[in-house]
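A short worksheet on the structure shown next.
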Amino acid sequence: MALRTILEYPDPRLRTRAQPVTRFDAALGTLIDDMFETMYGAPGIGLAATQVDVHQRLIVIDISPERNQPLTIINPQILTREGEASTEEGCLSVPGIFDEVKRAAKIRLRAQDRDGNLFERDFEDILAVCIQHEMDHLEGKLFVDYLSDLKRERIRKKLEKERKERATGATATGAGPPAGARRAY
Ligand code: GNR
Ligand code: NI
């Protein structure tokens, strides 16, 4: 098992559209195991292969507090959507940013499991939201795309600044605007 590096916005690789999984082999099993390890380590409740720079239609999810309900979803298709729910979302590829996104409250999903077996299942609440968030990743879409251009630009600048500071070992102390003039993003 191995941890994989999670790509961060605005990395252009996050905009790649993923291709269907066609080989349900040992390499796929290793990728799935690595994705769970990476998701649990982060920690997060879901992870799309896109986020670890693998552009295949594969998602792992575990919303349980005990971290013992792993769900592997491959080649997912939403068959039906019902209702609307607004949730404060976050994303491991957009660290430290949280905002409300509206999505379907319930979905019926057709997908394959890690052995390639087809299944259909209904999901609701946070699980439905998480699946829609992950399926967006497979299309190269991020939750910040639902926010205003102004908010998204602020988020991009904040994350680019943080990335630069990490790279140079610089900190935010001293220079920059006084604390009161700083925005959350
Ligand atoms: O860990 C995560 N939490 C979360 C919270 C609300 C809505 C969606 C998510 S998914 C996110 C992990 C992630 O970035 N998956 O792509
Ligand atoms: Ni995400």
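All values below were derived from every heavy atom in this structure, side-chain atoms included, with hydrogens, water molecules and symmetry-related copies excluded. Counting from 1, the numbers follow the sequence of the chain as shown.
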Is the backbone of [Y] close enough, under 3.5 Å, to the side chain of [X] for a donor and an acceptor to pair up by distance?
| X | Y | value |
| --- | --- | --- |
| N75 | P20 | no |
| D11 | R13 | yes |
| D62 | S64 | yes |

[Y] side chain reached by [X] side chain, heavy atoms, under 4.5 Å:
| X | Y | answer |
| --- | --- | --- |
| I155 | D99 | no |
| F143 | D136 | no |
| T5 | D53 | no |
| M35 | R4 | no |
| P43 | R67 | yes |

Spell out, yes or no, whether [X] and [Y] are grouped together once hydrophobic residues are joined by side-chain heavy atoms under 4.5 Å, including indirect joins.
| X | Y | result |
| --- | --- | --- |
| V52 | Y40 | yes |
| M39 | Y9 | no |
| L147 | V129 | no |
| I45 | I107 | yes |
| I6 | L31 | yes |

Please report the interatomic distance [atom1]([X]) to [atom2]([Y]), rounded to the nearest 0.5 Å.
| X | Y | atom1 | atom2 | value |
| --- | --- | --- | --- | --- |
| L14 | H55 | CG | NE2 | 8.0 Å |
| Q77 | L109 | CD | CG | 8.5 Å |
| F123 | Q132 | CZ | CD | 11.5 Å |
| K164 | L159 | NZ | CG | 12.5 Å |
| M135 | I78 | CE | CD1 | 4.5 Å |
| E124 | I126 | CD | CD1 | 12.0 Å |

Ignoring hydrogens, what is the shortest heavy-atom contact between [X] and [Y]? Give both atom names and the distance.
| X | Y | result |
| --- | --- | --- |
| P10 | E160 | CG-OE2, 3.3 Å |
| A128 | A104 | CB-O, 4.5 Å |
| F36 | T72 | CE1-OG1, 3.3 Å |
| C130 | G46 | SG-CA, 4.1 Å |
| Q112 | G116 | NE2-O, 3.0 Å |

Self-check item: Partner of I59 by side chain to side chain contact (heavy atoms under 4.5 Å, CB included), out of I74, L47, I73
Solution: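 With I59 as partner, I74, L47, I73 yield a single side chain to side chain contact (heavy atoms under 4.5 Å, CB included), made by I73.
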Does this structure show an ion pair linking [X] with [Y], if we count only N-O contacts that are shorter than 4.0 Å?
| X | Y | result |
| --- | --- | --- |
| E162 | K158 | yes |
| R156 | E153 | yes |
| R121 | D113 | no |
| D33 | R114 | yes |

All N/O donor-acceptor pairs, side-chain side in residues 81-97, below 3.5 Å, sequence neighbours left out:
{"residue": "S86", "atom": "OG", "partner": "E100", "partner atom": "OE1", "Å": "2.7"}
{"residue": "E89", "atom": "OE1", "partner": "R103", "partner atom": "NH2", "Å": "3.1"}
{"residue": "E89", "atom": "OE1", "partner": "H133", "partner atom": "ND1", "Å": "2.9"}
{"residue": "E89", "atom": "OE2", "partner": "R103", "partner atom": "NE", "Å": "2.6"}
{"residue": "S93", "atom": "OG", "partner": "L7", "partner atom": "O", "Å": "2.8"}
{"residue": "S93", "atom": "OG", "partner": "Q51", "partner atom": "NE2", "Å": "3.0"}

Quiz item: Between R15 and D145, is a salt bridge (charged side-chain N to carboxylate O under 4.0 Å, His left out) present by the stated rule, with each step listed?
Solution: CA-CA 11 Å; R15 298 310 189 177; D145 298 343; 2.8 Å; yes
Exercise. List the steps and the verdict of side-chain contact (heavy atoms from CB on, under 4.5 Å) for H137 and L142.
Key: CA-CA 6 Å; H137 278 301; L142 297 165; 3.4 Å; yes
Quiz item: Passes salt bridge (charged side-chain N to carboxylate O under 4.0 Å, His left out), K161 versus E165? Steps please.
Solution: CA-CA 6 Å; K161 180 161 177 273; E165 284 168 358; 3.4 Å; yes
Exercise. Please test R17 against E139 for side-chain contact (heavy atoms from CB on, under 4.5 Å), starting from the C-alpha separation and ending with a verdict.
Key: CA-CA 5 Å; R17 186 158 183 274; E139 297 302 320; 2.7 Å; yes
Quiz item: Is the charged tip of K141 near the ring of Y146: under 6.0 Å from the six-membered ring centre and within 45° of its axis?
Solution: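 Satisfied, under 6.0 Å and within 45°.
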Self-check item: Evaluation steps, side-chain contact (heavy atoms from CB on, under 4.5 Å), between I63 and Q69
Solution: CA-CA 7 Å; I63 63 157; Q69 310 267 327; over 6 Å; no
Quiz item: Is the CZ atom of R23 crowded by more than 12 outside heavy atoms at less than 6.0 Å?
Solution: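 Check fails, neighbour count at 12 or below.
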